[in-house]
2 protein chains.
Amino acid sequence: MKKYDYIADQLYQRIINNEFNETQKIPTEDQLINEYNVSRNTIRSAIKILTKMGLLYPVQGSGLFIKPPQKPDTVYLSSTQGVTADHDGKTIVNQLIDFKLLEADEALAKRMLCQIGTPIYYIIRLRIVDSIPYAVEYTYYNKEIVPYMGHEIVEGSIFDYLKNDLKLSFGFADKYISAAKLNVYDSQLLQLKEGDPSIVIEDNVHLSNGVLFNSSKIIYNYQLANFYMVAQ
Amino acid sequence: MKKYDYIADQLYQRIINNEFNETQKIPTEDQLINEYNVSRNTIRSAIKILTKMGLLYPVQGSGLFIKPPQKPDTVYLSSTQGVTADHDGKTIVNQLIDFKLLEADEALAKRMLCQIGTPIYYIIRLRIVDSIPYAVEYTYYNKEIVPYMGHEIVEGSIFDYLKNDLKLSFGFADKYISAAKLNVYDSQLLQLKEGDPSIVIEDNVHLSNGVLFNSSKIIYNYQLANFYMVAQ
DNA sequence: AAGTGGTCTAGACCACGTC
DNA sequence: ACGTGGTCTAGACCACTTC
């Protein structure tokens, strides 16, 4: 494991365990260098991770300040992960609506940045959190990169499968966020009314070598979904 | 100016001027080190900026690849800036709806992280892009940090004023993104119907010393607003 | 004046891709 | 085998805060 990832994990634990309750500051860079016996850049890389997550902010000349907790039940946007990780302690059910293997036609090939005829999995899922419909998800996966998809995977966490079993290494995800009126079909799945609002996130996820392997459109229940991010 | 900012600006220009049209790659880190006569870390800092903006992505062992342009007319989310910068070439009008100086009561003091009684500017604006209502903006500014606000400022770019005239240094902004039904009032301003969808972004902007100076809630026209970000 | 984070340098070795 | 980006080290000086 990378040193800065390890240190970020450690500091994360120490922060949520309220070790720095009194001061609401973590130790200075110099102190951390001595505690963990690493170079300054390594400490700074770890701190950058926590800063990006919104856990703390650095103030030049003063120190590393812990931020008060954000609003509860919000989903952190700046990760290539799906939504699962952000709902610890809640019951998540992924109801499979449709699941097929297609061959890319011209439009799909353009979207998936692949050749016409490439095999593509198409999956529609209804994601249910604590028994309430949370989102409808329309997803394409390039079968040349994800060679197998079974019902048992699709009803669990696809991302865990890709990461742990296929050992895929995610690079970046381009995200587009907008709002739209629900159509009849999605409104029924989400147990809302046609024309009700929804948040729509279109996601194009690339491997760390830049290859696009997943394109999805997720339609969220506007009464439940609330997203969080930090801009710097 | 910081070296890595300068180099990021230069590379940005070179990319949008299609200098790397052929290869769709920018020079290697080693080449950039020689071109700009700086250390490797400085080059890497510059590249990190462009990566975060979604202009390119690095592939270990292979190079720095330019990304195809994103969807047009989308607003980049990962900046503390307002919306002005992203609409180059369009006509932006900020119609002032309301403008007062308040004293923070308990609820407002909690929101603005200040003492009860602190003077707070409250501004409601309708932002109009190319003659179409784009967003309704409800904003609070702490007067102890922004001592003066005039009509001429409020109808222009408040962010330019804060940055260039008051020389405020922005640190980070916490953003919450959700969707909601428009109420009567906002729907009339946006020339939409009551109950129509809207994207709502709540923004808490902090100075680089961590002090909160601006809290806003912006309600966007769902037919126009489309946000973009890169997750890593 | 002392302490703390921000920028910058120079160099080593590792992991991954390409040939 | 070689080239390229990723991790890590050691150290210098600057900018800002605190006392």
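Just so you know, these numbers come straight off a predicted model, no measurement behind them. The sequence lines fix the lettering, A, B, ..., with proteins before strands; numbering per chain opens at 1.
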Exercise. Scan for side chain to side chain donor-acceptor pair (under 3.5 Å) pairs involving residues 107-124 of chain B, sequence neighbours excluded, and state none if there are none.
Key: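 For residues 107-124 of chain B: B:Arg111-B:Ser215.
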Quiz item: With a 4.5 Å heavy-atom cut-off, do A:Phe170 and A:Leu162 have their side chains touching?
Solution: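 Touching, per the 4.5 Å side-chain cut-off.
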Quiz item: Looking at DNA chain C, which of residues 23-35 of chain A put a heavy atom within less than 4.0 Å of it?
Solution: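 Residues of residues 23-35 of chain A under 4.0 Å from DNA chain C: A:Thr28, A:Glu29.
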Return the value, rounded to whole Å, for the distance between atom [atom1] of [X] and atom [atom2] of [N].
{"X": "A:Met1", "N": "D:dT7", "atom1": "CE", "atom2": "P", "value": "12 Å"}
{"X": "A:Ile43", "N": "C:dT4", "atom1": "CD1", "atom2": "P", "value": "14 Å"}
{"X": "B:Lys48", "N": "D:dG5", "atom1": "NZ", "atom2": "P", "value": "14 Å"}
{"X": "B:Leu64", "N": "C:dC16", "atom1": "CG", "atom2": "P", "value": "17 Å"}
{"X": "A:Leu56", "N": "C:dT4", "atom1": "CG", "atom2": "C1'", "value": "15 Å"}
{"X": "A:Tyr4", "N": "D:dC8", "atom1": "OH", "atom2": "C1'", "value": "10 Å"}
{"X": "A:Lys3", "N": "D:dG6", "atom1": "NZ", "atom2": "P", "value": "19 Å"}
{"X": "B:Tyr57", "N": "D:dG6", "atom1": "OH", "atom2": "P", "value": "13 Å"}

Between protein and nucleotides 11-13 of chain D, what N or O pairs are separated by less than 3.5 Å?
{"unit_1": "D:dA12", "atom_1": "N6", "unit_2": "A:Arg40", "atom_2": "NH1", "d": "3.3"}

Self-check item: Within residues 36-52 of chain B or reaching into it, pairs that qualify as salt bridge (charged side-chain N to carboxylate O under 4.0 Å, His left out) - sequence neighbours excluded
Solution: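 Every salt bridge (charged side-chain N to carboxylate O under 4.0 Å, His left out) pair that includes a residue of residues 36-52 of chain B, provided the two are not neighbours, is B:Glu29-B:Arg40, B:Glu29-B:Arg44.
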Practice problem: Would you mind listing every salt bridge (charged side-chain N to carboxylate O under 4.0 Å, His left out) that reaches into residues 164-174 of chain A, with sequence neighbours excluded? | Solution: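 Passing the test, one end in residues 164-174 of chain A: A:Asp174-B:Lys67.
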Self-check item: Qualifying residue, where the test is side-chain contact (heavy atoms from CB on, under 4.5 Å) with A:Leu212 and the options are A:Ile145, A:Asn142, A:Leu207, A:Asn204
Solution: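 Only one option passes, and that is A:Asn204.
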Self-check item: Set of ring-ring contact (aromatic ring centres under 6.0 Å, His included) partners for A:Phe20, sequence neighbours left out
Solution: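 Partners of A:Phe20 by the ring-ring contact (aromatic ring centres under 6.0 Å, His included) criterion come out as none, since no residue qualifies.
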Quiz item: In chain order, what residues pass the ring-ring contact (aromatic ring centres under 6.0 Å, His included) check against B:Phe227, with sequence neighbours excluded?
Solution: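 Once residues adjacent in sequence are excluded, the partners of B:Phe227 under the ring-ring contact (aromatic ring centres under 6.0 Å, His included) criterion are B:Tyr220.
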Quiz item: Excluding sequence neighbours, so at least two apart, what forms salt bridge (charged side-chain N to carboxylate O under 4.0 Å, His left out) with B:Glu35?
Solution: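 Counting only residues at least two positions away or on another chain, B:Glu35 forms a salt bridge (charged side-chain N to carboxylate O under 4.0 Å, His left out) with B:Arg14.
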Exercise. For residues 39-63 of chain A, pull every pair meeting ring-ring contact (aromatic ring centres under 6.0 Å, His included), keeping only residues two or more places apart or in separate chains.
Key: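 Residue pairs passing ring-ring contact (aromatic ring centres under 6.0 Å, His included), neighbours aside: A:Tyr57-A:Phe65, A:Tyr57-B:Phe172.
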Quiz item: Looking only at side-chain N and O atoms, does B:Thr42 come under 4.0 Å of OP1 or OP2 in C:dT9?
Solution: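 So the side-chain polar atoms of B:Thr42 do come within 4.0 Å of the phosphate oxygens OP1 or OP2 of C:dT9, strictly under.
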Quiz prompt | Phosphate contact (D:dT7 OP1 or OP2) by A:Lys2 side-chain N/O below 4.0 Å | solution =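 Looking at the OP1 and OP2 atoms of D:dT7, one of them is under 4.0 Å from a side-chain N or O of A:Lys2.
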Practice problem: Using a cut-off of 6.0 Å, state whether more than 12 heavy atoms not belonging to B:Lys71 lie near its atom NZ. | Solution: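 More than 12 heavy atoms, drawn from other residues, nucleotides or ligands, come within 6.0 Å of this atom.
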Quiz item: Near B:Glu106 CD, under 6.0 Å, is it more than 12 heavy atoms from other residues, nucleotides or ligands?
Solution: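 It does not: B:Glu106 CD has 12 such atoms or fewer within range.
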Self-check item: Residues touching DNA chain D, which here means a heavy atom under 4.0 Å, drawn from residues 8-22 of chain B
Solution: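 The stretch gives none, as no residue of it lies under 4.0 Å from the strand.
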Exercise. Report yes or no: does A:Asn94 contribute a side-chain atom to a donor-acceptor pair with the main-chain N or O of A:Gly156 at less than 3.5 Å?
Key: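 Yes, A:Asn94 side chain to A:Gly156 backbone: donor-acceptor pair under 3.5 Å.
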Quiz item: If only atom types and distance count, is the side chain of A:Lys3 paired as donor or acceptor with the main-chain N or O of A:Tyr36 below 3.5 Å?
Solution: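 No, because the side chain of A:Lys3 does not come within donor-acceptor range (under 3.5 Å) of the backbone of A:Tyr36.
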Quiz item: Partners of B:Thr28 by side chain to side chain contact (heavy atoms under 4.5 Å, CB included), sequence neighbours excluded?
Solution: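 Here the qualifying residues are B:Asp30, B:Gln31.
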Quiz prompt | Side chain of A:Arg44 (C-beta onward), nearest among D:dC8, C:dC8, C:dT7 | solution =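 Nearest listed nucleotide: C:dT7.
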Report, one pair per line, the protein and nucleotides 17-19 of chain C atoms (nitrogen or oxygen only) whose separation is under 3.5 Å.
{"unit_1": "C:dG17", "atom_1": "O4'", "unit_2": "B:Gly61", "atom_2": "O", "d": "3.3"}

